[in-house]
Amino acid sequence: MIIKRYIVDNMSEAMTRIRYELGNDAVIVSQRKIRQKGFTGLFKPKKIEVTAAVDEKAQKDITPKKDDLEKEIQEIKNLISNMTQNTTQKSKTKTGETTRNKFKAHLISSGVPEEIAQEIIDTIKEKNIGKKINSKIYEKEFKSILDEIIKTNEFDNSRIHLFVGPTGVGKTTTIAKLASLNTLYKNKKVGLITVDTYRIGAVEQLKTYAEILGVPFGVIFSNNDIKKVLDDMTNCDIILVDTTGRNSKNAMQLQETKRLIQEINPDYIHLVISMTTKESDIKRIINDYRILNYNSLILTKIDETNTFGSMLTAIYYSNVPVAYMTVGQNVPDDIEIAKKDKIINMVVEAE
Ligand SMILES: Nc1nc2c(ncn2[C@@H]2O[C@H](COP(=O)(O)OP(=O)(O)OP(=O)(O)O)[C@@H](O)[C@H]2O)c(=O)[nH]1
Ligand SMILES: [Mg+2]
């Protein structure tokens with residue numbers, strides 16, 4: 001029999017110590033309150049003296065075996081190692097998050113709209129699952145995404161080009177530029193048509209350019225005129241068709257234009273968008289005009305603002321190639337064939 005005496009503050013402390021030292025089979029033999037020794041003991045709270053006893057055989061059983069001890073040490077080691085791993089993992093995640101946020105902020109400050117910046121980052125994350133993405137990788141991946149999404153398109157030998165887009169974006173001016181370039185520098189026979197009968201003066205605007213260049217000019221008032229006007233231009237290498245500027249919110253107007261387009265059956269439908277337009281409006285225009293099945297973009301007024309965000313918005317959401325970019329009011333000089341490298345460089349400059 002082993003008998004032990006404990007001086008404790010309370011019974012709970014006594015039980016813990018007894019269980020630990022003597023095991024579960026120990027029994028409490030006695031307990032009493034005692035005052036602590038010495039003068040100062042008078043002013044201190046009373047303690048409890050607990051006496052416990054256990055059969056020696058039972059006590060032996062609770063002595064941890066060597067194997068058990070080793071096992072316990074191993075478990076503790078594992079626990080500690082897990083804890084350190086977790087902490088490193090957490091700090092890695094944190095570093096990843098910071099790099100990602102920094103890169104996103106960097107894109108936004110370069111003019112990339114927030115929504116596109118987020119989508120670009122998500123794409124980069126998906127492409128690099130399980131890898132640590134540092135800022136160099138972000139830069140590299142971003143360039144390769146730009147390379148993928150920016151498509152350009154030079155006019156080939158396609159004959160009929162039709163231009164659509166909101167009011168005042170520069171459709172007629174762009175047509176005048178292209179008509180001049182093709183007539184004066186490429187020696188092509190150009191024909192000009194307007195279906196812009198909606199706005200007073202619109203016919204005159206294109207007619208004036210046609211007269212200056214000495215090229216045939218036709219007006220389409222309704223679907224019935226289309227065949228005749230096109231037949232008059234059978235000897236033209238390239239026909240440029242101007243349309244009324246439409247408010248893309250007006251679905252009826254767009255439907256009207258759609259019917260005309262179906263009848264004219266152009267090779268290219270160029271959606272002309274001014275880069276001075278708000279990014280959210282560009283996104284809406286891109287979507288509203290989809291019913292016209294445009295297959296090319298012309299970005300205008302690039303000279304007027306810092307346009308990278310608008311350009312990226314138009315290119316990203318339309319998913320069609322850019323044919324031309326216009327950079328001023330001068331006919332015919334202020335127009336450029338869209339070049340992928342140049343657009344990508346604009347981003348780098350923005351950075
Ligand atoms: N700064 C600048 N102005 C331009 C550019 N392209 C056109 N413009 C000007 O934008 C204004 C409208 O051009 P238009 O060609 O008449 O526009 P539109 O799209 O035909 O307009 P609607 O026929 O009314 O739909 C004119 O004053 C042009 O000189 C450009 O690239 N840069
Ligand atoms: Mg016009």
Side-chain angles (χ1 to χ4, degrees), residues 152 155 161-182 190-213 215 217-221 229 239-258 260-261 264 266 268-278 281-282 284-286 288-289 292 294 296-311 313-315 318 322-339 342-343 346:
T152 50
F155 274 7
H161 296 263
L162 186 137
F163 300 74
V164 294
T167 325
V169 290
K171 295 180 292 298
T172 310
T173 313
T174 303
I175 289 173
K177 288 171 183 171
L178 291 173
S180 312
L181 290 175
N182 278 284
V190 178
L192 295 180
I193 295 177
T194 187
V195 290
D196 191 348
T197 55
Y198 190 76
R199 192 168 50 91
I200 301 161
V203 174
E204 296 315 311
Q205 197 187 352
L206 198 65
K207 197 177 169 195
T208 311
Y209 283 118
E211 280 169 5
I212 294 169
L213 294 169
V215 301
F217 175 71
V219 184
I220 292 172
F221 291 100
V229 171
I239 297 172
L240 307 174
V241 187
D242 200 2
T243 65
T244 311
R246 298 296 202 195
N247 176 350
S248 72
K249 285 183 195 154
N250 190 329
M252 276 249 300
Q253 282 188 355
L254 282 185
Q255 281 298 342
E256 204 181 299
T257 310
K258 188 185 166 105
L260 281 164
I261 291 177
I264 296 168
Y268 274 102
I269 301 170
H270 303 279
L271 174 60
V272 184
I273 304 187
S274 164
M275 293 298 93
T276 57
T277 316
K278 250 192 0 212
D281 286 338
I282 292 179
R284 182 180 48 75
I285 291 161
I286 291 279
D288 291 348
Y289 270 87
L292 302 187
Y294 58 83
S296 164
L297 276 188
I298 292 179
L299 311 178
T300 60
K301 309 197 185 182
I302 295 211
D303 53 303
E304 281 199 12
T305 53
N306 182 5
T307 52
F308 175 61
S310 319
M311 283 171 66
T313 305
I315 294 169
S318 69
V322 187
Y324 287 101
M325 308 204 286
T326 76
V327 290
Q329 293 181 296
N330 295 322
V331 179
D333 292 337
D334 293 339
I335 187 160
E336 293 171 9
I337 293 174
K339 291 268 184 267
K342 195 164 176 190
I343 301 177
M346 287 175 90

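Numbers here are sequence positions counted from 1. Being a predicted model, the structure only gives us computed values, none of them experimental. In listed order, ligands and their atoms are each counted from 1.
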Asks: Heavy-atom distances under 4.0 Å decide this one: backbone, side chain, both or neither, for Asp303 against ligand 1?
Replies: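 Looking at Asp303 and ligand 1, just side chain atoms fall under 4.0 Å.
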Asks: Is the closest N or O pair between Glu304 and ligand 1 shorter than 3.5 Å?
Replies: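 Yes; at least one N/O pair falls below 3.5 Å.
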Asks: Kindly confirm or rule out an N or O of Thr174 lying under 3.5 angstrom from an N or O of ligand 1.
Replies: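 Not met; the criterion fails.
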Asks: Listed by chain and number, what are the salt bridge (charged side-chain N to carboxylate O under 4.0 Å, His left out) partners of Glu336, not counting sequence neighbours?
Replies: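 Testing Glu336 for salt bridge (charged side-chain N to carboxylate O under 4.0 Å, His left out), a comparison that skips the adjacent residues, returns Lys342.
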Asks: Decide whether an N or O pair under 3.5 Å exists between Gln205 and ligand 1.
Replies: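 Min N/O separation from ligand 1 is below 3.5 Å for Gln205.
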Asks: Between Thr194 and Val219 (side chain of the first, backbone of the second, donor and acceptor by atom type, cut-off under 3.5 Å), is there such a pair?
Replies: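 Checking the backbone N and O of Val219 against the side chain of Thr194, no donor-acceptor pair under 3.5 Å is found.
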Asks: Does Asp334 have a non-hydrogen atom less than 4.0 Å from ligand 1?
Replies: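 It does not; every heavy atom stays at 4.0 Å or beyond.
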Asks: Under 3.5 Å between any N/O of Lys171 and any N/O of ligand 1: does that happen in this structure?
Replies: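 Yes: some nitrogen or oxygen of Lys171 is under 3.5 Å from one in ligand 1.
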Asks: With heavy atoms of Gly245 as the reference, note each atom of ligand 1 found under 4.0 Å away.
Replies: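 Counting atoms of ligand 1 from 1, those under 4.0 Å from Gly245 are 25 (O).
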Asks: Hey, is there an N, O or S on Thr173 sitting under 2.8 Å from the Mg ion (ligand 2)?
Replies: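 Of the N, O and S atoms in Thr173, none lies under 2.8 Å from the Mg ion (ligand 2), which means no.
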Asks: Any donor-acceptor pair under 3.5 Å linking the side chain of Lys177 with the backbone of Asp334?
Replies: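 Here the side-chain-to-backbone pair exists.
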Asks: Within the structure, does Gly168 bring an N/O atom to less than 3.5 angstrom of an N/O atom in ligand 1?
Replies: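 Yes, Gly168 has an N/O under 3.5 Å of an N/O on ligand 1.
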Asks: Which of the atoms in ligand 1, numbered in the order shown and given with their element, are less than 4.0 Å from a heavy-atom of Thr167?
Replies: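 Near Thr167, meaning under 4.0 Å from one of its heavy atoms, ligand 1 has 24 (O), 25 (O).
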Asks: Tell me whether the rings of His270 and Tyr268 are parallel (<30°), tilted (30 to 60°) or perpendicular (>60°).
Replies: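 Because their plane-to-plane angle is under 30°, the rings of His270 and Tyr268 count as parallel.
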Asks: Measuring from atom 14 (P) of ligand 1, which candidate in Asn330, Thr173, Val331 has the nearest non-hydrogen atom?
Replies: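 Considering heavy atoms of Asn330, Thr173, Val331, the nearest to atom 14 (P) of ligand 1 sits in Thr173.
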Asks: Can you name the residues that form a salt bridge (charged side-chain N to carboxylate O under 4.0 Å, His left out) with Lys339, not counting sequence neighbours?
Replies: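 So Lys339 forms a salt bridge (charged side-chain N to carboxylate O under 4.0 Å, His left out) with Glu154.
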Asks: With Ile175, which of Val190, Ile193, Leu240 fulfils side-chain contact (heavy atoms from CB on, under 4.5 Å)?
Replies: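 For Ile175, the side-chain contact (heavy atoms from CB on, under 4.5 Å) check succeeds only for Leu240.
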Asks: I'd like to check Leu162 versus Ile261 (side-chain heavy atoms, cut-off strictly below 4.5 Å). Are they in contact?
Replies: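 Yes; the side chains approach each other to less than 4.5 Å.
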Asks: Any donor and acceptor pair, going by atom type alone, linking the side chain of Thr300 with main-chain N or O of Ile273 inside 3.5 Å?
Replies: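 Flag set: sc Thr300 to bb Ile273 pair under 3.5 Å.
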Asks: Indicate yes or no: does an N/O atom of Lys301 lie under 3.5 Å from an N/O atom of ligand 1?
Replies: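 It does: an N or O of Lys301 is found under 3.5 Å from an N or O of ligand 1.
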